[in-house]
> 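This is the structure, below, for whatever I ask next.
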Amino acid sequence: MEAALVTVSTGVMKPLLSKLFKLPLDEHRKLQGVRRDAKFIGDELRSMKAALEVLADEEQLEPAMRIWRDDVRELSYDMEDCIDVFVAHVDHEPDGRTMLKKFVDMLKKPKHRHQAASEIGKLKARVAEASERHKRYNIIRPTPCISSCAIDPRLPALYAEVDELVGIDGPKDDIIDWFQWEATSTQPQVLSIVGSGGLGKTTLAKQVYHALESQFSCAAFVSVSRNPDMRKILRDIAQGVGFTDSPPDDDVQQLISKLRQHLKNERYFVVIDDVWSADVWETIRLVLLNNNNHGSRIITTTRNTEVASCCSSGGGHVYKMEPLTFDDSKRLFFRRTFGPEDLCHPHLEKVSNDILRKCSGLPLAIITVSSLLADQHAEDEWKRVLAAIGSALAKDSGADKMTKILSFSYFDLPHHLRACLLYLSIFPEDSTIWKQHLIHMWVAEGFIHEKQGRSRYEIGESYFNELINRSLIQPVGATLGQVESCQVHDIVLDFITCIAAEVNFVTKFSDVEHGHNSYDRVRRLIIGNTSNEKVAISTSPILSHVRSLIIYAHDPQVSLLAFPVLRVLDLGKCWWLEEHHVANIEKLLLLKYLSLANVTLLPQKIGELQYLETLDITNTRILEMPLAVTSLQWLASLNVHYHIRFTDGMIGKMQSLEELETFGVHSYEQGKPLEEFSQLTKMWRLKVQLGMFELWEGPGQIEDLHGYLGTLVSSCNLRHLNISKLSSNFLAVKTYFPLSLDSWCPTTPCSLQELHITYCFIDKVPNWMSLLCNLRELEIYVASVRPEDVRILGSIPTLLILKLKTFNGTDGRILIHGFSNLKYFHLELLYCGTSLEFEEGSMPRLEHLELEFRVHQMDCLNGSPNFGIQHLSALRKVEVCILCNFGNRDNPLAGLECCFGKFIGMIIEADIEALPNCSSFLLQYGNVPFGNVACEHYTKIVETDCEKEDEAGRGKVGSAGAPHWHVGENYFRMSFG
């Protein structure tokens, strides 16, 4: 059976036809007229659906045909709203009758039967009118200009981990050289990067930022965007430079004053990205260009040369960014098209050169087009892409090249992906969009339909990955293709916002308010403003069919009852929200996705939202989950703050639950409900946050709590499990009970694919972990890494990603061997005194390596400066951070050249340069606090050398000196002198 999907072109025609077919109108003789009308509507809509699918790939339509297409699409929305509301009222009757029985009984009542007949009659008349106009046009299926690229939607984001840094080294070095030339100046200096959209200004600024940030006492990278919110921008700067002493209600002037005072004695490095106007800069400069004389540095990026000149006035510098050279364009194009080999097939050389000339050296254009041709080898495909791009640009020689290329890429998308892409226009510019939230919104809107063997979330994830593969969204924080969030380039956002408005897919309230909306119905509405002015929204027929409502504005005057057919309600950023704003939310019978902020209580009747599938109350102040939530029979995803408490028995009643983030455990009593998760057969993702319960619970209760945690592995069908500790500052804890995982051994084949145990150490890696035949990602903190731990981890056959944090290696050594399929490895050593070595033949497929360690002298490496990195021949990306003694507040780089850490960095750099495939290497040096780091080696102290423990099993602070872990029977203790 064809999937019932919502698309841009057909609207909700597919699910509508499915619902019409399922209506039980044959059950009562008095409904014969309604049944005939419904059959007529269904037959006509099937014909019109086929016509809409033909028209979907036409970029240009005659005006009359475009109007007909839009009318039929809008009609499908209205019809589905009518049916869904009626069915919801039937479902809402709380008794034991079946859905069919309740439906027939309701239609037996004259009032309801008359209403149903009247509504269907009106819709029949609209369908008949549309059908008549349809017959006036002869619709012939057009020949598509290009076949859809054969990208497997099940693949992860193929190139998400490949940095597109071709041609960036020269500009980066130029900017760094200018800053070094100006190094003698103690006054803040500004360099402004200027260039057209799509040139890579932000990428360049980020590269310079990462290269220089460690040389300053604090640093921030802040995006401004076209419609800036100055309070948010100033707060982002404050967060970056470590200033937190500002109440939420501080206005712009108060923030400026406090930031100036904070930065007065700091040597800071700040990037202000995407500045659109001089007025915005004039406000920001009040913070950054103050009476600071510590050698602070600032970078701005902008498309406007006048803005660039304004930013750099007073002794700064304007750096004009140029398009890529033709050779660099080719390297970028082939790297994206054929992977890291970046080799061109001879038969494609001429057509590829012609395509690159059309792209004019714009990196964004090159990446977008190359993504269309990924792994395509047929010359005809390439020629069709060239012809499509060429004809688009030929129609209007003055047209913006990126817009034309994006238009081509958009119409090359499969229909289901077009809806997913346009939906991204609901998010403000420069937003970081979390994949999990986005997919749940897609599901609620009907863009995704469950298929046999694959859940809706898995299908949504494949859609997300395909949009990344096609370079239409940008991954944020990608690790080996595992992307948890994304951003939309401002040029792409402008394009999809325009398209979404044209087809009535997404509408801004400002357009409705000023009469710029050309439709008499709004389907998805964004209410947002960058000022503190209140927005008044009156009840109106034009808003009565809104399906998604997303509010970013400050305290708009709006009643939710004005939106009776809402499926998605996102108030997760509304910090002004109070309980009375959502008092009647149970009347939104069709609601499937709900996100709230700030409220202290959920509405009393929230359990009546019978179709609700996603509830996000992470940003609220709710402390206890109401029992009414257990009445939400379709609730699949629940996001809560870890402070929220669940009473005993609640978890076991939520049988449809598939995802829960975050379940807080702050005491022994709160840990008991963990056992209930074994009753949830659909649960596949869980995040648990542990409090500092060791400070008040006894050893017996702590051991029981650890046992409850073990049931999550041994008894559940979880695929993703995340267990973390509330405080990340574990070095400040004087008493610490490590987790022992030996008893967690799964009794049946384990489904775990991702396991994260962070900010709480385990005593050792358990033997059973080598039996996890589905595990692909693992993050753990191990107190002291034993050779046996390395052996167990290295024998996990499916492991691709490993993140490991430890204090040391047993006997001062960590020898890496095995790991036949590992592709990403992150290792952080918290104390010095351990040598790390990769054996020859170890990690043969490793592509990305991250190391962080402390080193002050040769003893810190246990006498061995050779890491064996030269044996990792598959490496493509390496990031190393060396923490050592150098610098002071006035000159963070003082002494770096002669410190031992710099010597080790040079050895590593030489090994990296010898690797055949490594194209990205980042080496950073750090020292916090400046000049005050003692050389503290990890020391193991036996029980007999320590103070005896008290009856409660608590450790006492030992003699003065460096921090030590004290090894007791079932716990570790750190003591501080």
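We use all heavy atoms of the structure for the numbers below, so side chains are in, but hydrogens, waters and symmetry mates are not.
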> Answer whether the closest heavy-atom distance between the side chains of Val640 and Leu638 falls below 4.5 Å.
yes
> How long is the straight-line distance from CZ of Arg231 back to CD1 of Ile256, given to the nearest 0.5 Å?
12.0 Å
> Would you please name every residue forming a salt bridge (Lys or Arg N to Asp or Glu O under 4.0 Å) with Asp274, sequence neighbours left out?
none
> Checking side-chain contact (heavy atoms from CB on, under 4.5 Å) for the pair Val855/Cys832: CA distance, chi angles, key distance, verdict?
CA-CA 6 Å; Val855 60; Cys832 46; 5.7 Å; no
> Mind checking whether His581 and Leu571 have side chains closer than 4.5 Å, heavy atoms only?
no
> Given side-chain contact (heavy atoms from CB on, under 4.5 Å), test Met441 with Ile550 step by step and report yes or no.
CA-CA 11 Å; Met441 295 173 96; Ile550 297 92; 4.3 Å; yes
> With no hydrogens and no angle check, just 3.5 Å: does a side-chain donor-acceptor pair link Gln189 and His317?
no
> Between Thr806 and Asn808, what is the shortest heavy-atom contact and its length?
OG1-O, 3.0 Å
> Of all the heavy-atom pairs spanning Ser425 and Thr497, show the shortest one and how long it is.
CB-OG1, 3.7 Å
> Is the backbone N or O of Pro428 less than 3.5 Å from a side-chain atom of Ser431, with the two atoms forming a donor-acceptor pair by type?
yes
> Hey, is the main chain of Leu191 close enough, under 3.5 Å, to the side chain of Ser312 for a donor-acceptor pair?
no
> Do you know which two heavy atoms are closest between Asn598 and Cys574, and how far apart they sit?
CB-O, 4.1 Å
> Which atom pair, heavy atoms only, marks the closest approach of Tyr268 to Pro188?
OH-CG, 4.1 Å
> Should the heavy atoms of other residues, nucleotides or ligands under 6.0 Å from CH2 of Trp434 be counted, would the total exceed 12?
no
> I want to check something: taking the side chain as every heavy atom from C-beta on, are Ile176 and Val208 in contact at a cut-off of under 4.5 Å?
yes
> Is it the case that Thr662 and Gln689 place a side-chain donor and acceptor less than 3.5 Å from each other?
no
> Is any side-chain heavy atom of Leu255 less than 4.5 Å from a side-chain heavy atom of Ser257?
no
> In a check of side chain to side chain contact (heavy atoms under 4.5 Å, CB included) between Trp281 and each of Thr302, Leu286, Thr300, which one passes?
Thr300
> So does Thr758 get a backbone contact from the side chain of Ser724, meaning a donor-acceptor N/O pair under 3.5 Å?
no
> With the side chain counted from C-beta on, respond yes when Leu922 and Val880 share a heavy-atom pair under 4.5 Å apart, and no when they do not.
no
> side-chain hydrogen bond (donor to acceptor under 3.5 Å, both in side chains), that's the test. Do Asp570 and His437 meet it? Break it down for me.
CA-CA 10 Å; Asp570 188 352; His437 296 170; over 6 Å; no
> If only atom types and distance count, is the side chain of Arg854 paired as donor or acceptor with the main-chain N or O of Leu829 below 3.5 Å?
yes
> For residues 232-239, tabulate all N or O donor-acceptor pairs below 3.5 Å that involve a side-chain atom, not counting sequence neighbours.
| residue | atom | partner | partner atom | Å |
| --- | --- | --- | --- | --- |
| Lys232 | NZ | Asp236 | OD2 | 3.0 |
| Arg235 | NH2 | Pro247 | O | 2.5 |
| Arg235 | NH2 | Pro248 | O | 3.0 |

> Centres of the His826 and His848 rings: under 6.0 Å?
no
> Return the minimal non-hydrogen interatomic distance between Val307 and Ala278, and the atom names on each side.
CG2-N, 3.9 Å
> Any sub-3.5 Å donor-acceptor pair from Lys435's side-chain atoms to Cys486's backbone N or O?
no
> Got a sec, which residues hit side chain to side chain donor-acceptor pair (under 3.5 Å) with Glu779, two or more places apart in sequence or on another chain?
His756
> Between the side chains of Asn619 and His641, is a donor N or O closer than 3.5 angstrom to an acceptor N or O?
no
> Counting C-beta onward and ignoring hydrogens, is there a side-chain heavy-atom pair between Ile622 and Leu601 closer than 4.5 Å?
no
> Kindly confirm or rule out a cation-pi arrangement of Arg297 over Phe269, judged by NZ or CZ under 6.0 Å from the six-membered ring centre and within 45° of its axis?
no
> Surrounding NZ of Lys258 (heavy atoms of other residues, nucleotides or ligands, distance under 6.0 Å), is the total greater than 12?
yes
> For the side chain of Gln254 and the backbone of Asp251, is there at least one donor-acceptor N/O pair under 3.5 Å apart?
yes
> In terms of heavy-atom contacts, does NZ of Lys172 have more than 12 from other residues, nucleotides or ligands at under 6.0 Å?
yes
> Would you give the length of the straight line joining atom CG of Leu883 to atom CZ of Phe853, rounded to the nearest 0.5 angstrom?
9.0 Å
> Output the distance between atom NZ (Lys877) and atom CG (Leu849), rounded to the nearest 0.5 Å.
11.5 Å
> As a quick check of understanding, evaluate side-chain contact (heavy atoms from CB on, under 4.5 Å) for Thr614 and Leu594, giving each step before the final call.
CA-CA 6 Å; Thr614 298; Leu594 174 62; over 6 Å; no
> Under the criterion side-chain contact (heavy atoms from CB on, under 4.5 Å), I'd like the reasoning laid out for Phe663 against Lys687: C-alpha separation, chi angles, the key distance, then a yes or no.
CA-CA 6 Å; Phe663 186 86; Lys687 181 176 180 180; over 6 Å; no
> Scan side-chain atoms only and decide if Ser485 and Thr432 contain a donor-acceptor pair under the 3.5 Å cut-off.
no
> Is a donor from one side chain sitting under 3.5 angstrom from an acceptor on the other, for Thr618 and Asp616?
yes
> Verify whether one side chain among Ser214 and Gln924 offers a donor that lies under 3.5 Å from an acceptor in the other.
no
> Which atom names give the shortest non-hydrogen contact between Thr301 and Ala205, and what distance separates them?
CG2-CB, 3.8 Å
> Can you check whether Ile551's main-chain N or O pairs, donor with acceptor, with Lys573's side chain at less than 3.5 Å?
no
> Is it true that the side chains of Tyr925 and Gln215 contain a donor and an acceptor less than 3.5 Å apart?
no
> Would you say that Asn304 contacts Trp276 through its side chain, given a criterion of any heavy-atom pair below 4.5 Å between the two side chains?
no
> For the atom pair CD1 (Ile526) and OH (Tyr552), what is the distance rounded to the nearest 0.5 Å?
7.0 Å
> Looking at Glu579, I want to see if its CD is surrounded by more than 12 non-hydrogen atoms of other residues, nucleotides or ligands under 6.0 Å.
yes
> State, yes or no, whether a side-chain contact exists between Asn722 and Val688 at a heavy-atom distance under 4.5 Å.
no
> To the nearest 0.5 Å, what is the distance between CD1 (Ile298) and CG (Leu288)?
4.5 Å
> Applying the ring pair (Phe, Tyr, Trp, His ring centres under 6.0 Å) test to Tyr209, which of Phe221, Phe179, Phe216 qualifies?
Phe221
